Amino acid sequence: MSSTLQTSLQRTAACGELRIEHAGQPATLAGWVNNYRDHGTGLVFIDLRDHTGLTQLVFDKEDAPAGIVEAADKLRAEDVIAVKGKIRKRDGGPNPKLPTGEIELVVEQLEVLAKADTPPFQPGDEQNLPGEELRLRHRYLDLRRPKMQHVLRTRHRVTKVARDFFDALGFIEVETPNLCRSTPEGARDFLVPSRLQPGEFYALPQSPQLFKQILMVAGADRYMQICRCFRDEDPRADRQAEFTQIDLEMAFVDREQVLETMEAFARTLWKEVLGVEVPKFQRMTWQEAMDRFGSDRPDLRYGLELVDISDLAAKTDFKVFAQALEKNPGSGHPSTRDGGVVKAFRVPGGAEKLTRKLTDGYAEFVKQFGAGGAPVTKVTAEGFETGIARFIEPITAELKERMGLEPGDTVIFGADGYNTCSKALGELRQKVAKDLDLIGKDQWAFLWVVDFPMFEYDEATKRYYALHHPFTAPRADQAETLLSAKPEDKQTLLGVLSDGYDMVVNGSEIGGGSIRIHRRDVQQKVFQLLGLGEEEAKAKFGFLLDALRYGAPPHGGIAFGLDRLVMHLAGTENIRDVIAFPKTQTGADLMTEAPSGVDEAQLKDLHIRVVEAEVKPVEAKKLSANPT
RNA sequence: GGGGCGGUAGCUCAAUUGGUUAGAGUACCGGACUGUCGAUCCGGUGGUUGCGGGUUCGAGUCCCGUCCGCCUCGCCA
């Protein structure tokens, strides 16, 4: 059957909205054929789908004009049709699985708007989800799935709530450029060649950071933008090279005002989207988060807290402990010098639940974070047994007291430099929580992590790096220390705290920001410490230094990761699920087959020559990309 | 750049130690059927086991390379 070019039937209802009270009324529906149940010459059932749900259509020879049942007989999955008929209470009894399950539409008029080829997979079949590769290749089918429609709509809801919330507080949305100057710090830039200026390049923005600061200097007062950002680094389950930020900045504020505003936004979001009342956020310093959880974005939905037992470990004869404690000797806080530590966490009831197989796996697991292993032991009424029990026997009483150990617990140890030890145990803590199913459903553990160090020092390149970014202000009480410090005052500089903050929920960083530097001398000092010479700073950030010269208000802000917010609100573990057209791990869009080669003429315009040896074998790529 | 897992019918998967004609469910095609809703029943089509090479009497299975996808370390101011 050929389909029509235009529909003469106009929808009067969506497929998910008809109820028993509509029985007796006429209705016109349009949508996709989800499913057909063909009872032969006289009776056909079709489930018609749109983004709102399903309605059962009945084509019954006894109730329908001649020819319609025969036409319905030919309908297949994903055909697009419009139907007109009468709503009635179902003859065959209700289907409790459907919201529309008490009614059906008796079809009197059928229009086939588009026949569909047999689809590679059926969006209506939630039981039998195809592989993600296929879903991405046929994203138009994948997005028809009710779950994906829900995500699209959740995402819309989030941006809508954001715009309304901040508009009510006097924020204005301002667009900033996508063709930007490349910046030296931070992630790898995506570059765009300039046609008009041969050999020069734009960079796509990693964030509108400097533009929004300039807007504060320009008197915008309160700025917001929902903007795309680009970082040319390898993706992860929660990270895409191209992602979206809800970007915000406020003038004449201190940290407290920013945190209050942004916390109110997050709570509004959870209330509006999920109906969840989020209690006031906890706050935790970066140092405390690292000490207790081995992470700057701790998941507070469960315990398994890390305890420093270095002093007790020093009393044992265990070589692993002794060697760790000798690492990176020096004075000062362990976090700034990576001094050797021994830490441990208690797994309540672990003696029974943590099998040998699991704990052996943990030893392997921590190796990927640079740790040598993860010694374990079990707690008994008398002391310890198995694992490293005999080594820690001398400190039995003290260890039990320090960690609150109970018989039946397992203790997992880590011994290394502070950074490695914290990272390894922090990651292991999360793994144990998952393995033992300690994470309750529908728990929301929000917190602010504050008081980050300004700098970290990289031994390989022998220089400081900004932990957040180079425009983050030092905490007010640290400014003088910073200004008077010399680059060689390493202990002092590594101890300087910034006025930065991260919003964290369930172990995931969903927003990060800071009070910015609004004083030119402070900004210059930071550039200097980061190894940017005066000339270089002027060349790369002259516009910022100039702007700071002409009257900059104190300001600060935050950027939320929109994709991650939606992940949490939609309950998905994968960032690709909340992006309509995401890319794979090799940066490919499987539907459009981007990236692609371009014409010689285009390259010539852009003054670009591709080095042949580095071109990927296109034949092989195309062959496996198109199995059909 | 490193580590791990995967790729078999349109789709989801199976195939003993390397051994006969690579199977099942579903989809698709044909037929039957007037109350189904994962419809049912009968019959049928459908495969260069990602690609290339190697070992072997014999490879979906073993080896090497490569491509694609996922997880991850590095990276992500």
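None of these values were measured; they are calculated from a predicted model. Here is the naming used below: chain letters follow the sequence lines, and residue numbers restart at 1 for every chain.
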With a 4.0 Å cut-off on heavy atoms, is A:Arg135 in touch with a base, just the backbone sugar-phosphate, or nothing at all?
nothing
Has A:Phe45 got its ring stacked on B:U36, by the test of a centre gap below 5.5 Å and a plane angle below 30°?
yes
Please determine which of A:Ile87, A:Leu57, A:Ile81 meets the side chain to side chain contact (heavy atoms under 4.5 Å, CB included) test together with A:Leu29.
A:Leu57
Would you tell me if any nitrogen or oxygen in the side chain of A:Asn574 comes within less than 4.0 Å of OP1 or OP2 on B:C70?
no
Between B:A9 atom P and A:Leu134 atom CG, what is the distance in whole Å?
12 Å
Output the single nucleotide from B:C37, B:C75, B:C70 whose closest atom is nearest the side chain of A:Asn95.
B:C37
Tell me every residue that passes side-chain hydrogen bond (donor to acceptor under 3.5 Å, both in side chains) with A:His22, counting only those two or more places apart in sequence or in another chain.
none
With heavy atoms under 4.0 Å as the rule, sort A:Gln368 into base, sugar-phosphate or nothing.
sugar-phosphate
Could you label the plane-to-plane angle of the A:Trp286 and A:Phe452 rings as parallel, tilted or perpendicular, counting under 30° as parallel and over 60° as perpendicular?
tilted
Identify the heavy atoms of A:Leu530 and A:Tyr464 that sit nearest to each other, and give their distance.
CD2-O, 3.6 Å
Write out a two-atom table: protein N or O, nucleotide N or O from nucleotides 40-48 of chain B, distance below 3.5 Å.
none

Between B:U34, B:C73, B:C37, which nucleotide gets closest to the side-chain atoms of A:Glu62?
B:U34
Under 4.0 Å between any heavy atoms, over every strand shown, what does A:Arg564 touch: base, sugar-phosphate, or nothing? Just pick one.
nothing
Report, one pair per line, the protein and nucleotides 26-30 of chain B atoms (nitrogen or oxygen only) whose separation is under 3.5 Å.
residue: B:C29; atom: OP2; partner: A:Arg76; partner atom: NE; Å: 3.1

